[in-house]
Structures are given as C-alpha cells and as structure tokens.
Amino acid sequence: MLETLEVATVRPYRDRPYEWVAAAASFAVDPSERANARVVDLGAAPTDGDGRVRFQSDVRMLRPTADGNGKALLVVPNRGMLGAVPFSLDAAPAMGPTEDPDPGDGLLLEEGWTIAWCGWQWDVRREKGWLGLAAPLADVGPGWMRVEFRPDVAQDDHRLSDSSPLFSFRDYPCADPDDPEAQLTERTSPLGEKRSIPRERWRFADDRAGVILDGGFQPFHWYELVYRSSFAPVVGTGLVAVRDVGSWLHRTHDSVFAFGISQSGRFLRQLLFEGMNVDEERRRVFDGVFTHIASARRGEFNRRFGQPSLTHPLTPDYGPLFDTTGLLARQRSEGGVPRLFSTNSSWEYWRGDGALVHQDSETGADLPEDDDARTYLLAGTDHFGATQIKQFAPVANPTHLLDVGPVLRALLVQLVDWVCEGAEPPASRVPRRADATAVERPGVLARFTSGAVPDPDHLPATPGLDPDAVSWPLTLGPPTVALVSDVDPSGNEVAGVRLPAVAVPVAAYTGWNPRRATEGLPDVLYEFCGSRLPLQSAEVLLSREDYERAVLGAARHLVEDRFLLERDVRRTVDEALRLYDART
C-alpha cells in the first residue's frame with residue numbers, strides 16, 4: 001500500500017486554476033499478500049520488522065484549486081518523461097525533465113480533472129530529474145541476462161543498458177569481466193542469422209557497465225551481449241507503485257483512469273496481464289484504461305534482470321497471450337476488470353503484432369469482440385505521429401505528420417461515458433478477415449508502384465516466444481500471422497478510423513518506411529516511421545474549394561460516429577488543407 005505521500009513543493013500552475021505538486025510516495029507491501037503474489041522476487045527483497053518491503057517513487061500532480069469533477073487520470077510516464085498534459089492539442093511534449101508539463105488547450109483542465117504521474121522504472125536516472133522508482137534489491141545469485149542494441153551511427157562502446165544518444169539508463173554491471181561463457185553476436189536484420197564475434201575482439205569496460213568492440217559497433221547492425229550479473233532490482237515494484245497510487249487517488253475521486261503511450265501502454269497491459277488492477281483490499285483500482293500504440297506487447301516490467309526501457313529487442317514478454325480476452329483472463333479471475341480502450345497506428349500492424357490484439361496468432365481468424373474492451377486502428381498513421389523527430393530518421397521515403405490527437409480525446413470521452421454512464425462506445429474498427437480488409441503484407445507492398453518498399457523477406461515479425469523463458473539467447477519459434485489493413489487504389493488503408501486527410505487524400509499515407517538503402521545490408525523497415533507517397537492511382541485532384549468541402553464532410557462523419565469532437569472539426573479540416581497546399 002501507499003504508506004505516505006511526502007509533498008516537496010506546491011506551486012500555482014501557469015494561468016490555470018490548478019496547482020503543481022511534486023511529491024515522493026513511500027510504499028510498504030507484504031510479499032505474502034495475494035495482491036502482490038505475482039511480483040517477481042518480491043519475497044527475496046529485504047523486509048522491515050513488520051515483514052513488509054519498502055520502496056519509493058516520484059509523484060507529480062496537477063490538482064484543481066477549486067472543486068474538481070471527481071475524476072482522476074494517472075499517466076504512466078514514458079522513460080521518466082512527463083510529456084505534455086494528456087489529451088491536449090497544441091502542447092509541446094517535453095523530451096526531458098521539466099518543472100511542469102505544457103497544458104496546450106487543456107481539455108482535461110477545463111473539465112476539472114486531477115492528473116497524476118507516478119514513477120515506476122528502476123532504471124530511470126532520477127538524479128537527473130526523470131520520474132522514477134527506488135526499487136528494492138533482491139538477494140539472488142548471479143544470473144544470465146542480455147543487452148541488445150542497434151546503433152544508427154558507429155560507436156566504440158555501449159553501456160550495459162538500453163541507453164542511446166537520446167536516453168541514458170542505469171546499467172546491469174557484469175559479475176565477471178573475464179567470464180569465458182559471455183557471448184557477443186551480430187546480425188543484419190531484426191530476425192536475421194546471428195554471427196558470433198570472437199571473444200578476443202571485445203571486452204567489458206573497466207567499470208563493468210559497458211562493452212567495447214575492436215573496430216567499433218557498426219550502424220544498422222543488431223548486437224546481442226549475453227552475460228552474468230548479480231544486480232537484481234525488484235522490477236515489478238513499479239507495477240505496485242502505479243497500482244497503489246491509483247488506489248490512493250480512488251479515496252478522493254469517484255472514478256480513476258490510467259493512460260499510457262507506447263512503452264507506458266505496454267506497462268498497463270502488463271499490469272492487467274498480471275491481474276494487478278485490484279489493491280491489497282481487493283478493490284478495483286482503475287475503472288478505465290487507455291493504451292495507445294502499445295499493440296499486443298508487454299515488456300520486461302516484472303522479471304529478474306528486467307530492462308523496462310527496452311526499445312527494439314525481442315523479449316519473452318512479447319509472447320502470448322496477445323489478444324484482449326487472453327490478456328484479461330487473470331484479471332477476470334481476480335476481479336476488478338476495467339473498461340479497456342486500445343488504439344494503434346498502422347506501424348504496429350506492419351511490425352507484425354498489431355493484429356494479434358484481435359486475431360488468432362496461428363490462423364489469423366477474427367476473434368470476437370471482448371465485452372470490456374474496444375480496439376481501434378488509426379489508419380495510415382505511424383508510431384511517432386505528429387512529431388518533428390522523424391525528419392532526422394534515416395528513412396528512404398518522405399515522412400508525414402498526421403495528428404491523431406483529436407481522435408484520441410474523442411475516444412477518451414467515449415471511455416469515460418462507458419465507465420461513468422454505461423453508454424456503449426463505438427464498436428472496434430480494425431482489419432478483419434470477415435470483410436476482406438485484413439491481408440498479408442507482401443500483397444500490399446506489391447500495390448505500390450512509386451516510392452521505396454522494404455524487402456518482403458526481411459519484414460519484422462513476432463516469432464513464437466515462451467513468455468516464461470528466463471534463459472538467453474531466446475529460442476524463437478515460427479512467426480505468428482502478421483496481418484495489416486488492405487489499401488484502396490490511392491494506396492491508403494481501408495480499415496480503421498480514417499482521419500479526413502486519409503479519407504480524402506492528396507497522398508498515400510502509410511505506417512511503414514524502409515531504412516535508407518545501405519550497401520551490403522537488406523532493405524528493412526526503419527522503426528516507428530510512416531511514408532508519404534504519391535497517390536498510387538491517377539485520380540483527378542479536386543479544386544481547393546471542393547477539397548475543403550469533402551474533408552469537412554469526412555470530419556462530420558467522424559463526429560457522427562463519435563471519433564471526433566465538434567470543437568476539433570475545424571482543426572482536422574485545416575490539417576488536411578495544409579497537406580493539400582503542400583502537395584508536390
């Protein structure tokens with residue numbers, strides 16, 4: 001349970017009737033409690049005289065200074081970042097520690113929500129201002145683990161973590177730098193054949209928290225280092241922290257929701273997979289959960305030597321159960337199942353796992369709608385969305401900046417109405433075999449006659465994985481079925497929720513983009529980026545006046561279908577007009 005919340009500072013929040021609260025949460029949990037039974041190694045952590053394990057995490061809150069609306073949203077930070085106020089438009093997402101988040105247009109603030117952020121990652125650099133967790137350490141012996149990475153530029157060495165030029169995380173130091181059984185391998189595509197690198201060509205750094213390779217690590221090569229470590233934080237206490245802060249919010253709020261994007265959404269899927277949406281008193285914690293671009297994956301959020309920060313590597317936690325009903329099975333047995341919304345971009349489908357949320361992983365057959373969940377594909381969009389970071393990616397095709405923010409906040413309204421009013425939300429909108437909109441990827445690529453396409457033989461996939469595996473390297477089974485949305489003659493996806501710019505296109509917008517051609521390496525997809533390509537059919541371009549009228553009609557249809565708020569109609573029309581004016 002959350003034992004104490006020590007408030008460090010309380011400041012007025014900009015020009016809003018809110019205050020910005022910085023605090024530290026202290027937790028005390030009994031390893032023998034049923035609610036904590038799934039936390040790996042909790043029983044191996046030191047306890048105080050009362051038999052409880054204690055640890056701390058960082059908490060931030062936007063708290064209304066007047067009466068709120070009785071609703072709270074707990075945001076799961078992505079790699080310790082606050083980002084912006086969620087479900088706001090025109091907000092600048094912070095890529096580093098900030099005093100407070102940008103409010104943007106502040107939809108939730110207008111409505112009186114309480115918004116909280118809770119640190120949950122042990123490997124976040126809290127001393128640098130990121131929101132993280134001071135996890136207890138388990139008393140276990142040395143064990144095998146791996147660090148896997150793929151640099152975009154040559155580098156002489158690499159930390160023993162998922163650190164990169166953008167992010168720095170805490171390391172898992174090696175137990176023995178001279179261990180002859182440690183292995184380093186190399187490959188040139190995500191699922192390519194591994195080549196062992198002779199031990200005499202590489203070594204651990206003097207601080208035992210890095211690896212050095214003679215000649216350096218080469219761009220666009222995948223490296224996997226398998227070694228022993230004795231450092232074992234209880235990674236799953238991050239799940240407990242988020243659960244117990246959510247439970248604490250429920251003491252003073254009528255309903256509590258959780259929101260996570262990408263890694264943070266995968267974390268929420270893990271929490272539900274573990275059946276941990278009930279607190280120690282068996283009360284439901286989150287009434288509604290919203291995951292965005294989390295796909296069918298979880299992560300190393302509850303395993304010995306877990307790395308919550310992982311971006312690219314395959315991990316056992318990317319294995320089954322994938323589909324929503326399977327994901328919620330343990331939670332159903334424990335009670336406290338929330339209403340669940342899952343939104344994904346086209347990129348997650350092209351990575352090979354997006355469709356696994358709603359289709360059989362072996363046959364590709366459509367699965368029935370789960371009574372407590374909805375899933376939506378945001379057609380033609382990609383993982384990074386409307387962020388300028390994509391302009392620096394080494395991709396072969398131009399990128400796009402389609403903004404899914406208006407659709408996400410319309411869906412939040414639907415989730416809240418479902419939880420609080422019992423109003424049924426729109427049915428899932430995803431590719432389906434039943435209506436012939438779910439197809440395999442090579443056939444879609446063959447439809448594109450302009451622009452670079454990836455090598456179909458090197459497309460990413462989700463191989464068969466044992467979710468309980470604890471040894472490295474992983475044993476990979478045959479790939480699961482990878483289905484995506486079919487495209488219309490213009491090259492735009494036909495399934496899912498289509499933004500007005502996609503429904504009335506001046507270009508083909510995809511969730512995939514090949515890495516720029518590199519001599520000696522296969523043409524693989526580059527992570528997270530989509531393409532903006534010429535229309536794949538010879539369509540007559542509408543006049544600007546007719547085009548505006550058409551996209552306005554598309555926006556009105558989204559409002560009718562409850563995928564767009566009336567207040568955001570003009571914004572989505574203007575976005576489409578900017579794309580019209582910028583066409584080449």
*Thinking salt bridges, do Glu186 and Lys194 make one under a 4.0 Å N-O criterion?*
no

_The test is side chain to side chain contact (heavy atoms under 4.5 Å, CB included); show your working for Leu577 and Arg544 and say whether it passes._
CA-CA 8 Å; Leu577 288 173; Arg544 195 178 192 279; 3.8 Å; yes

*Is Tyr547 close to Val506 at the side-chain level, that is, under 4.5 Å between some pair of heavy atoms?*
yes

*Quick one: CG on Leu314 to OG1 on Thr462, what's the gap to the nearest 0.5 Å?*
7.0 Å

_Crowding at CG, Asp371 (>12 non-hydrogen neighbours, <6.0 Å)_ = no

*Please round to the nearest 0.5 Å and tell me the distance separating atom CG of Leu62 and atom CG of Asp100.*
7.5 Å

_If we ignore hydrogens and angles and just use 3.5 Å, is the side chain of Thr480 paired with the main-chain N or O of Glu362 as donor and acceptor?_
no

*Please lay out, stage by stage, how Ser262 and His383 fare under the test side-chain hydrogen bond (donor to acceptor under 3.5 Å, both in side chains).*
CA-CA 8 Å; Ser262 189; His383 194 87; 2.8 Å; yes

*Using a strict 4.0 Å threshold on nitrogen-to-oxygen distance, state whether Glu527 and Arg351 make a salt bridge.*
no

*Pair Arg567 + Asp105: basic N to acidic O under 4.0 Å*: yes

*Can we say Asp523 and Arg515 salt-bridge, meaning some charged N sits less than 4.0 Å from an Asp/Glu carboxylate O?*
no

_Side-chain ion pair, Glu566 and Arg556, N-O less than 4.0 Å_ = yes

*Ion pair present between Arg571 and Glu575, side-chain N to carboxylate O less than 4.0 angstrom?*
no

_Closest non-hydrogen atom pair between Ala555 and Leu564, with its separation_ = O-CD2, 3.7 Å

*asked:* Could you tell me if the side chain of Pro522 sits less than 4.5 Å from the side chain of Ser189, heavy atoms only?
replied: yes

*Should Glu493 and Ser346 be marked as a side-chain hydrogen bond (donor to acceptor under 3.5 Å, both in side chains) after you check the CA-CA gap, both sets of side-chain angles, and the distance that decides it?*
CA-CA 9 Å; Glu493 293 184 324; Ser346 175; 2.7 Å; yes

*asked:* Can you tell me which residue among Cys529, Ser450, Pro514 is in a side-chain contact (heavy atoms from CB on, under 4.5 Å) with Asn397?
replied: Pro514

*Got a second to check how far Leu401's CG is from Leu579's CG, nearest 0.5 Å?*
8.5 Å

*ring-ring contact (aromatic ring centres under 6.0 Å, His included) with Phe257: which of Trp113, Phe286, Phe87?*
Trp113

*If every non-hydrogen atom of Thr98 is compared with every non-hydrogen atom of Leu82, which pair is closest and at what distance?*
OG1-CD1, 3.4 Å

_Can you classify the ring geometry of Phe384 versus Phe528 as parallel (below 30°), tilted (30 to 60°) or perpendicular (above 60°)?_
perpendicular

*Backbone N or O of Ser295 within a donor-acceptor pair of the Glu348 side chain at under 3.5 Å?*
no

*Checking Asp382 side chain against Gly511 main chain: does a donor-acceptor pair fall under 3.5 Å?*
no

_NZ or CZ of Arg60 within 45° of Trp117 ring axis and under 6.0 Å_ = no

*Taking only Lys NZ, Arg NE, NH1 and NH2, and the carboxylate oxygens of Asp or Glu, determine whether Arg578 and Asp574 approach each other closer than 4.0 Å.*
no

*Taking the six-membered ring of Tyr376, is the NZ or CZ of Arg429 close enough (under 6.0 Å from the centre) and on axis enough (within 45°)?*
no

*salt_bridge(Glu369, Arg374) N-O dist < 4.0 Å*: yes

*Might you work through the side chain to side chain contact (heavy atoms under 4.5 Å, CB included) test for Val407 and Leu378, ending with a clear yes or no?*
CA-CA 9 Å; Val407 173; Leu378 306 179; 3.9 Å; yes

*Near Glu110 CD, under 6.0 Å, is it more than 12 heavy atoms from other residues, nucleotides or ligands?*
yes

_Reported CZ-to-CG distance for the pair Phe259 and Leu415, which is rounded to 0.5 angstrom_ = 11.0 Å

*Taking only residues two or more places apart in sequence, or in another chain, which ones meet Tyr223 in a ring pair (Phe, Tyr, Trp, His ring centres under 6.0 Å)?*
Phe149, Phe217

*Could you tell me whether a side-chain N or O of Gln391 sits under 3.5 Å from a main-chain N or O of Gln388, the two making a donor and an acceptor?*
yes

*Centres of the Phe448 and Trp512 rings: under 6.0 Å?*
yes

*Any donor and acceptor pair, going by atom type alone, linking the side chain of Arg298 with main-chain N or O of Leu321 inside 3.5 Å?*
yes

*Which atom pair, heavy atoms only, marks the closest approach of Leu191 to Pro463?*
CD2-CG, 4.3 Å

_From CZ (Arg150) to CD (Gln218), nearest 0.5 Å_ = 13.5 Å

_Check: Pro406 main-chain N/O paired with Asp403 side-chain donor or acceptor under 3.5 Å_ = no

*So, Asp372 and Arg339, do they make that salt bridge, N to O below 4.0 Å?*
yes

_Pair Arg266 + Asp317: basic N to acidic O under 4.0 Å_ = no

*asked:* Does His557 have more than 12 heavy atoms from other residues, nucleotides or ligands lying within 6.0 Å of its NE2?
replied: no

_Would Thr324 and Leu340 count as a side chain to side chain contact (heavy atoms under 4.5 Å, CB included) here? Give the steps._
CA-CA 9 Å; Thr324 301; Leu340 173 63; 4.0 Å; yes

*List the steps and the verdict of side-chain hydrogen bond (donor to acceptor under 3.5 Å, both in side chains) for Asp162 and Thr311.*
CA-CA 7 Å; Asp162 204 51; Thr311 301; 3.2 Å; yes

*Side-chain (Thr572) to main-chain (Val569) donor-acceptor, under 3.5 angstrom*: yes

*Is there a donor-acceptor pair closer than 3.5 Å between any side-chain N or O of His400 and the backbone N or O of Thr510?*
yes

*asked:* Exactly one of Val289, Val76, Asn277 should register a side-chain contact (heavy atoms from CB on, under 4.5 Å) with Leu271. Which one does?
replied: Asn277

*Tyr580 six-ring face occupied by Arg583 cation (under 6.0 Å, within 45°)*: yes

*Whether Tyr349 and His358 hold their rings parallel, tilted or perpendicular, with breakpoints at 30° and 60°*: tilted

*Is there a donor-acceptor pair closer than 3.5 Å between any side-chain N or O of Asn69 and the backbone N or O of Glu111?*
yes

*Counting distance only, does the side-chain N/O of Thr437 pair as donor-acceptor with the main-chain N or O of Arg432 below 3.5 Å?*
yes

*Report the distance from atom OH of Tyr318 to atom CD of Glu300, rounding to the nearest 0.5 Å.*
8.0 Å

*For the residue pair Phe341 and Trp418, does the interplanar ring angle fall in the parallel (under 30°), tilted (30 to 60°) or perpendicular (over 60°) class?*
tilted

*Please check if atom CD in Glu440 has more than 12 non-hydrogen atoms from other residues, nucleotides or ligands closer than 6.0 Å.*
no

*Closest heavy-atom contact between Arg433 and Gly364?*
CG-O, 3.5 Å

_Other residues, nucleotides, ligands: >12 heavy atoms within 6.0 Å of Glu424 CD_ = yes

*Do the numbers put Arg516 on top of the ring of Tyr526, so that NZ or CZ is under 6.0 Å from the six-membered ring centre and no more than 45° off the axis?*
no

